[in-house]
There are 2 protein chains.
Amino acid sequence: MTIAINTRDRILEAAKSRFHSRSYADVGIKEICDTALIQKGSFYHFFPSKQDLVLAVIDEFATEWAEGFVAEAFDPSLPPMERISYMIDAAYYWQKSAKEKHGKIPGCLFGNLVLEVSTKDDVLRARLNAVFAQAKSRFEEALNEAMERGDIAPLNSKLTAEAMLAYLEGMILFAKAQNDPEVLYRLGPAIMSLRIE
Amino acid sequence: MTIAINTRDRILEAAKSRFHSRSYADVGIKEICDTALIQKGSFYHFFPSKQDLVLAVIDEFATEWAEGFVAEAFDPSLPPMERISYMIDAAYYWQKSAKEKHGKIPGCLFGNLVLEVSTKDDVLRARLNAVFAQAKSRFEEALNEAMERGDIAPLNSKLTAEAMLAYLEGMILFAKAQNDPEVLYRLGPAIMSLRIE
DNA sequence: TTGACACTTGACCGTCCAGTCAACTATAAT
DNA sequence: ATTATAGTTGACTGGACGGTCAAGTGTCAA
């Protein structure tokens with residue numbers, strides 16, 4: 001009970017970084033236990049299954065991400081369209097520094113999981129969708145505010161927000177394929193040209 | 001030697017559809033053999049390893065795809081920008097019919113594999129990049145022709161082509177996450193607004 | 001007819017997988 | 001002091017994994 005919370009966190013941390021840099025299927029419970037310096041029985045005391053673990057990882061990382069550089073990018077004191085380019089820049093620097101640390105671009109944890117598990121696990125798919133929905137609304141708010149201020153011509157903010165997020169995920173996919181964060185640097189600014197309606 | 005080519009094709013076919021609708025890690029050699037009605041020893045006569053199989057699947061599907069609806073979309077007799085929207089439409093109908101058949105959107109085989117294996121296997125990553133490079137040049141040619149004809153304002157066709165393909169992959173990712181091909185229908189047309197330089 | 005070779009069979013190998021469990025320890029409330 | 005419970009240990013299960021192999025069978029060229 002005393003260091004138990006600590007144990008749970010160590011499991012979560014070990015799982016998060018490994019799921020992100022490799023894949024869900026590729027990372028075993030045993031490996032996570034070894035990293036967290038615990039035994040299997042202890043793991044299953046906290047998480048009834050591997051699926052429960054990855055759900056917790058998704059929640060953890062979504063919060064960390066939303067309260068971290070997403071909050072920083074979508075700072076209300078910034079002009080709305082600048083928030084969006086800040087977001088792209090943040091993604092670029094994040095992937096770049098991850099590559100410097102580990103030699104490989106991990107891509108987006110949520111995007112990786114979506115393509116890996118969507119056809120096999122509806123519970124995971126639903127959770128990942130919820131994360132994307134959150135991100136989408138950030139873009140949408142920024143677009144609405146930009147329209148109100150007359151910074152951009154009128155458009156469908158809901159659809160354009162979705163398009164922008166899709167474009168971001170697509171760029172990250174290409175960056176990962178080429179193992180080159182500069183893809184984001186080259187293609188990033190074009191997000192501003194995207195518009196629907 | 002007589003029905004051997006047939007056997008190889010059956011292996012390839014079984015592997016292709018399974019890798020596409022599930023994932024590389026999730027589909028075992030045994031399952032592929034059962035589907036192709038052969039034994040393991042026979043499989044390893046044609047493919048020295050699972051990696052060799054997936055490389056062959058990538059090549060097969062890339063060819064089938066390039067000579068199939070990509071060739072149809074990028075028909076030189078079509079106005080260049082119409083080729084691009086034809087390509088989006090084709091992706092939409094393809095995912096839609098796949099969902100009707102199997103209940104789930106499989107997404108793009110190449111995109112799926114990129115996110116699954118890029119950090120773990122440079123050989124696969126390189127092959128997938130080659131496939132994307134081919135597709136990119138199709139978009140690029142269309143953009144160049146559109147510029148020559150004065151259909152669109154001058155832009156960097158290489159980068160814009162890459163951006164468009166990234167956007168397509170991003171839309172497919174979202175469609176898979178929501179298991180809804182209509183995402184492509186809603187977001188597809190915005191590909192025309194993408195431009196770099 | 002013989003030999004070479006493409007192809008096929010099915011048993012087998014060692015390893016890893018997610019998950020289980022009975023037993024143990026440490027803590028905190030009564 | 002007793003009891004309940006949270007946390008931990010490490011051995012264990014059954015099955016799946018990628019891959020190997022010796023022993024075949026069928027076909028073709030010489």
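Here is the naming used below: chain letters follow the sequence lines, and residue numbers restart at 1 for every chain. What's counted below: heavy atoms across the whole structure, side chains too, no hydrogens, waters or symmetry copies.
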Is any NZ, NE, NH1 or NH2 atom of the basic residue among [X] and [Y] found under 4.0 Å from an Asp or Glu carboxylate oxygen of the other?
X: B/Arg83; Y: B/Glu141; answer: no
X: A/Asp122; Y: B/Lys104; answer: yes
X: B/Arg10; Y: B/Glu13; answer: no

TODO: Enumerate the residue pairs fulfilling ring-ring contact (aromatic ring centres under 6.0 Å, His included) with a member in residues 124-144 of chain A, sequence neighbours excluded, ordered by first and then second residue.
DONE: A/Phe74-A/Phe139, A/Phe132-B/Phe174
Task: Among C/dT20, D/dT20, C/dT8, the nucleotide that comes nearest once only the side chain of B/Tyr44 is considered - done: D/dT20
- [ ] Give the nucleotide from the list D/dT8, C/dG19, D/dT20 with an atom nearest to the side chain of B/Lys40.
- [x] D/dT20
Would you say a side-chain N or O of [X] is under 4.0 Å from OP1 or OP2 of [N]?
X: B/Thr7; N: C/dC7; value: no
X: A/Ser49; N: C/dA18; value: no
X: A/His45; N: D/dT8; value: no
X: A/Gln39; N: D/dT8; value: no

Just the rounded figure in Å: distance from [atom2] of [N] to [atom1] of [X].
X: A/Ile11; N: D/dG7; atom1: CD1; atom2: P; answer: 11 Å
X: B/Asp52; N: D/dG18; atom1: CG; atom2: P; answer: 14 Å
X: A/Ile38; N: D/dG7; atom1: CD1; atom2: C1'; answer: 11 Å
X: A/Leu53; N: C/dG19; atom1: CG; atom2: P; answer: 10 Å
X: A/Phe43; N: D/dT8; atom1: CZ; atom2: P; answer: 13 Å

Open item on the list: For A/Lys158, is the NZ atom crowded, meaning more than 12 foreign heavy atoms sit under 6.0 Å from it?
Closed with: no
Open item on the list: Check this for me: A/Gln134, atom CD, are more than 12 non-hydrogen atoms of other residues, nucleotides or ligands nearer than 6.0 Å?
Closed with: no
Open item on the list: With the threshold set at under 4.0 Å for non-hydrogen atoms, list the residues of residues 14-37 of chain A touching DNA chain D in residue-number order.
Closed with: none
Task: Side-chain donor/acceptor contact of B/Lys50 with base of D/dG19 under 3.5 Å - done: no
Open item on the list: Using heavy-atom distances to pick each residue's nearest nucleotide on DNA chain C, tell me which of B/Ser42 and A/Gln51 is more 5'.
Closed with: B/Ser42
Task: Any side-chain donor near an acceptor of the partner, A/Tyr44 and A/Lys40, under 3.5 Å - done: no
